[in-house]
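First up is the structure itself, then whatever we jot down about it.
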Amino acid sequence: MVSFAHILTGLFWLTMVVLALGLAKRSAYWRQGQEAAFSWVSLLTVPKRYFVDLHHVVAREPYIARVHVATAGGAVAVLGLVALNYGLMLYQTWLDYVILFFALVMLAGSIAVWQRRRNAPSRLSKGAWSRLPVSLIAFSLGTAVLMITHATASVYVIAALAMVGVLLGAIEFARGIGAGGPMKHAIAGLLHLAFHPRQDRFDGKRSTDLKPLNLEKGEFGVAKPSDITWNRLLSFDACVQCGKCEANCPAFAAGQPLNPKKLIQDMVVGMVGGSDASFAGSPYPGKPVGQHSGAPDQPIIGQLVDADTIWSCTTCRACVQECPMLIEHVDTIVNIRRNITLTTGDVPNKGAEALENLRTTDTVGGYPVEVRYNWSIDLDVPVLQPGQQTDWLLVAGEGAFDMRYQRALRALVKVLKHAGVQFAVLGSAEKDCGDLARRLGDEAGFQRLAKENIALLKNLKFKRIVTPDPHVFHCLKNEYPAFGGEFEVHHHSQVIQSLMKDDRLRLKASATAMPDFTYHDPCYLGRYNGETDAPRNVLKGIGIKVVEMERSGMKARCCGWGGGSAFTDIPGEARISDMRMQDVKSTGAAKVAVACPNCTAMLEGVVGDRPDVVELAELVAERLAD
C-alpha cells in the first residue's frame with residue numbers, strides 16, 4: 001500500500017526533475033549572452049558571499065532581513081531535511097519533528113511576508129509577487145501538518161489537504177524557475193553571487209570604475225540583449241523586484257522616463273522574448289506598460305526601451321548601492337549608451353555638442369586650453385614643467401573655466417599656500433579628464449583623452465595629485481589604471497583634513513556664531529569612492545555644525561549633473577536639483593556646503609529663496625588666521 005511517506009518521496013523527486021528542467025531552460029537564456037570569465041570553483045564562494053558579504057546590504061532593513069531569514073532559511077532547511085528523510089527513503093519519525101520545527105519557522109516568515117503585502121509600499125511589484133506569500137504559506141503549513149499527521153499515524157483527509165498545500169508550494173518553486181516566476185530569484189541569485197561581473201566587490205573594493213571596451217576588436221557596447229555577457233543576463237534574473245532602486249532613483253523621483261527596476265525587467269523580457277505587458281510594478285514615468293517588446297537578437301533601443309530612458313540616468317549609482325541582489329544597473333545603461341554614441345552619435349540636446357567640443361578643443365565647453373588657469377595669474381601658482389619636481393599636482397578640471405568655481409579654486413590655493421604645501425598646476429597642458437565623454441558613451445573619446453593625459457603625467461615629476469572635482473578624482477584614481485595610469489589621487493577635502501590633523505592650518509577665533517550648515521554629498525566622492533567623512537571632518541574642524549539631510553552620506557540624492565544629465569537634459573515633472581534643494585531646505589540650515597564644482601553649479605541654479613551654496617575650500621579659507 002502506498003503511504004503518504006512514499007507520496008512525499010515521489011513528489012520530492014518529481015520536484016527535483018522539474019527544477020532541473022527549469023534550470024536548464026533558464027541557463028539556455030543566459031547562454032545567449034557573450035562570453036565572460038567562468039569557473040565552477042566560483043560556486044564554492046556562494047556560502048561566504050551570501051552569509052557575510054551580502055549581510056551589510058540586507059541588514060539595512062532589519063525587519064525584512066529577519067523575515068527573509070525565517071522564510072528562506074526555513075525553506076532551505078525543510079527541503080534539505082525532506083531530501084534526507086524522504087528523498088533517501090529513511091522515513092525517520094524524529095526527522096519529521098525536525099522538519100516540523102523548520103516548517104513552522106518558515107510559516108511564521110511567510111505570514112509576515114503576507115502581512116507586508118497587504119499594505120505593500122508602491123515600490124514592490126504586484127502580480128505573481130502578490131501570489132508568492134500564499135504559495136509559501138501553503139507549502140510551509142502543508143508540510144507542518146503532514147509531519148504531524150504522519151507522526152500520529154495518518155489522519156488521511158487532513159494529510160491529503162496538506163499534501164495539496166505542499167504541491168502548490170512545490171509548483172511555485174520548481175516550475176517558477178523555468179517559467180520565470182518569482183522563485184527564479186532563489187537559484188539565479190545564488191548563481192549571480194558566484195559569477196558576479198564585478199568579482200572584486202567581494203574583496204572589500206567598491207569597484208565603481210567602468211570597464212574599457214576593446215575598440216580595436218570591434219567592441220561598441222550593447223545594441224541587443226545577446227550583446228550582454230551571460231553573467232549579466234543571469235544577474236537580471238536575480239532581481240527580486242523590491243523596488244529599492246526605484247525608490248532611490250533621482251530620475252524616477254523627478255518624473256523622468258526611467259525606473260531602474262523596470263529597466264532590469266525589460267532586459268529579462270529582451271533575453272526571453274515577448275512584451276513588457278506582464279510587468280506589475282511602476283512604469284517608466286510617462287510611458288504606459290505593454291507597448292514595448294524585444295527578443296535576444298532584436299535592437300534594444302526603439303523596441304524594448306526608448307532612448308530617453310537610457311539618457312535619463314545620472315549614473316549616481318544609488319540603484320546599485322541599494323540593490324540587495326548586487327545588480328549593476330549603471331554598467332548596463334552605459335553599455336547601451338556606448339553603442340548609441342559610437343555607432344550613431346545620436347546624443348540628445350547639448351550632449352552631442354559637448355562631445356564635439358572635446359574632440360576639437362579637449363574641453364567640454366569648447367574653450368581654448370590656454371585660458372584654463374587665467375584665474376590664477378595673480379596668485380603666483382607655478383606651472384609644472386618637465387624636469388621640475390613638486391609634491392602635489394593640482395588638477396583643476398573643466399570647472400576652471402567657470403567663474404563661480406574659480407572662487408573655490410582661488411580659496412584652495414590660499415589654503416595650500418597657508419599650510420606651506422608645495423604644489424604646481426599643469427597650466428595649458430591640462431586637457432579634460434574624459435569623465436563626461438565616458439558617461440555619455442564616447443568610449444573612443446575617453447580613451448584618447450585618458451591615454452594623452454597619462455602620457456603627459458608620466459613625463460612629469462610629482463608625488464600626488466589633488467583635485468576639488470570628484471569626477472576628475474574618480475576618473476584619475478579608478479579609471480586611468482586600466483590604461484597604465486597609476487597615480488596617487490586625493491580629493492581636496494582629504495588633503496585639507498590631513499592638513500588640519502597635522503596642525504598646519506592656523507584658524508582665527510570665531511567672532512560670531514556660525515550658522516547651521518548642511519552638507520551635500522557628491523555621488524562621485526561618496527557612493528563611487530566611499531568618502532563621506534573627510535568633508536564633514538573639515539567642516540567640524542572649522543567650527544561648523546552639520547545638520548544632516550535625511551538622504552545623506554551613501555544615501556544622498558544626486559544633484560542632477562552626473563552622467564552628462566546636465567547636457568542631455570531629459571525633461572521630467574521636476575528638476576533633480578530643485579528636489580535636492582528642497583532636501584536642503586527641509587533641514588532648516590541657513591547654508592549648504594558642497595565639495596564638487598558640478599554640484600555647486602546645479603544647486604546654485606535653483607531659483608527662488610534658498611540657502612546659500614558654499615564650497616568647502618571657501619569656508620576653510622575664510623577661517624584662516626592670515
Side-chain angles (χ1 to χ4, degrees), residues 354-417 421-439 442 445-481 483-492 495 524 596-598 600-601 615 617:
L355 294 180
E356 179 63 22
N357 287 337
L358 282 169
R359 295 187 194 105
T360 55
T361 69
D362 294 330
T363 71
V364 172
Y367 303 105
V369 291
E370 293 78 11
V371 304
R372 186 189 296 270
Y373 282 91
N374 278 1
W375 56 270
S376 66
I377 288 175
D378 61 327
L379 297 179
D380 190 27
V381 174
V383 177
L384 188 61
Q385 304 292 340
Q388 297 177 342
Q389 186 169 342
T390 188
D391 288 344
W392 290 88
L393 181 64
L394 170 59
V395 178
E398 179 71 14
F401 298 109
D402 176 68
M403 293 183 65
R404 172 63 185 88
Y405 179 48
Q406 289 170 4
R407 284 161 43 194
L409 286 168
R410 292 175 67 86
L412 177 59
V413 167
K414 181 179 179 181
V415 173
L416 295 176
K417 285 189 171 184
V421 175
Q422 184 192 33
F423 72 98
V425 299
L426 287 170
S428 60
E430 181 179 330
K431 301 177 180 179
D432 187 88
C433 69
D435 166 77
L436 183 70
R438 195 164 223 202
R439 303 319 133 183
D442 185 2
F446 165 75
Q447 291 193 14
R448 176 187 68 82
L449 288 165
K451 291 173 182 176
E452 291 177 2
N453 282 326
I454 290 169
L456 169 69
L457 294 172
K458 283 190 171 181
N459 197 38
L460 298 172
K461 293 182 179 179
F462 58 89
K463 295 179 181 177
R464 295 171 288 268
I465 293 173
V466 57
T467 177
D469 187 332
H471 296 262
V472 175
F473 170 65
H474 170 72
C475 214
L476 271 58
K477 180 174 184 284
N478 299 318
E479 301 197 333
Y480 276 23
F483 301 92
E486 298 276 358
F487 308 107
E488 183 180 339
V489 190
H490 297 252
H491 186 247
H492 75 323
V495 175
Y524 278 72
C596 170
N598 304 317
T600 305
E615 214 278 342

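Computed from a predicted structure; not experimentally measured. What's counted below: heavy atoms across the whole structure, side chains too, no hydrogens, waters or symmetry copies.
Of the inter-residue distances, the one linking S428 atom OG with D362 atom CG reads 11.5 Å to the nearest 0.5 angstrom. The CG atom of L426 sits 11.5 Å away from the NZ atom of K431 when rounded to the nearest 0.5 Å. Between the CZ atom of R448 and the CG atom of D442 there is a distance of 9.0 Å, given to the nearest 0.5 Å. In this structure, CD1 on I454 lies 8.0 Å from CG on L457, to the nearest 0.5 angstrom. Note that CG of D435 and CZ of F446 are 8.5 Å apart. Values are rounded to the nearest 0.5 Å. With values rounded to the nearest 0.5 angstrom, E615 atom CD is found 3.5 Å from H492 atom NE2.
Across all non-hydrogen atoms, the minimal contact from F473 to Y524 is CD2-O, 4.4 Å. Of all heavy-atom pairs spanning V495 and H490, the tightest one is CG2-CB, 3.7 Å. Pairing each heavy atom of P597 with each of P470, the nearest pair is CD-CD, 4.1 Å. Residues L449 and Y480 come closest through the heavy atom pair O-OH, 4.2 Å. Closest approach of F483 and A450 over heavy atoms only: CD1-CB, 4.5 Å. The two atoms that bring P468 and L409 nearest to each other are CG-CD2, 3.8 Å, heavy atoms only.
Judged by distance alone, the side chain of R372 and the main-chain N or O of G397 form a donor-acceptor pair under 3.5 Å. T467 contributes a side-chain N or O that, together with a main-chain N or O of V395, makes up a donor-acceptor pair within less than 3.5 Å. Judged by distance alone, with hydrogens and angles left aside, the side-chain atoms of N357 form a donor-acceptor pair with the main-chain N or O of V364 at under 3.5 Å.
Within 6.0 Å of NZ on K461 lie no more than 12 heavy atoms contributed by other residues, nucleotides or ligands.
Side chains of D469 and N598 form a contact here, defined as non-hydrogen atoms less than 4.5 Å apart. Taking the side chain as every heavy atom from C-beta outward, E398 and L358 never approach each other to under 4.5 Å. Residues Y405 and W375 are not in side-chain contact: their nearest non-hydrogen atoms beyond the backbone lie 4.5 Å or more apart. Residues R410 and L379 are in side-chain contact: their nearest non-hydrogen atoms beyond the backbone lie under 4.5 Å apart. Annotation: side chain of V371 is in contact with side chain of F401 (closest heavy-atom distance under 4.5 Å).
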Contacts under 3.5 angstrom, residues 381-391 side chains, donor-acceptor by atom type, not counting sequence neighbours:
from: Q388; atom 1: OE1; to: Q385; atom 2: N; distance (Å): 3.1
from: T390; atom 1: OG1; to: W392; atom 2: O; distance (Å): 3.4
from: T390; atom 1: OG1; to: Q422; atom 2: O; distance (Å): 3.4
from: D391; atom 1: OD1; to: K463; atom 2: NZ; distance (Å): 3.4

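For F423, the ring pair (Phe, Tyr, Trp, His ring centres under 6.0 Å) criterion is met by no residue, not counting sequence neighbours.
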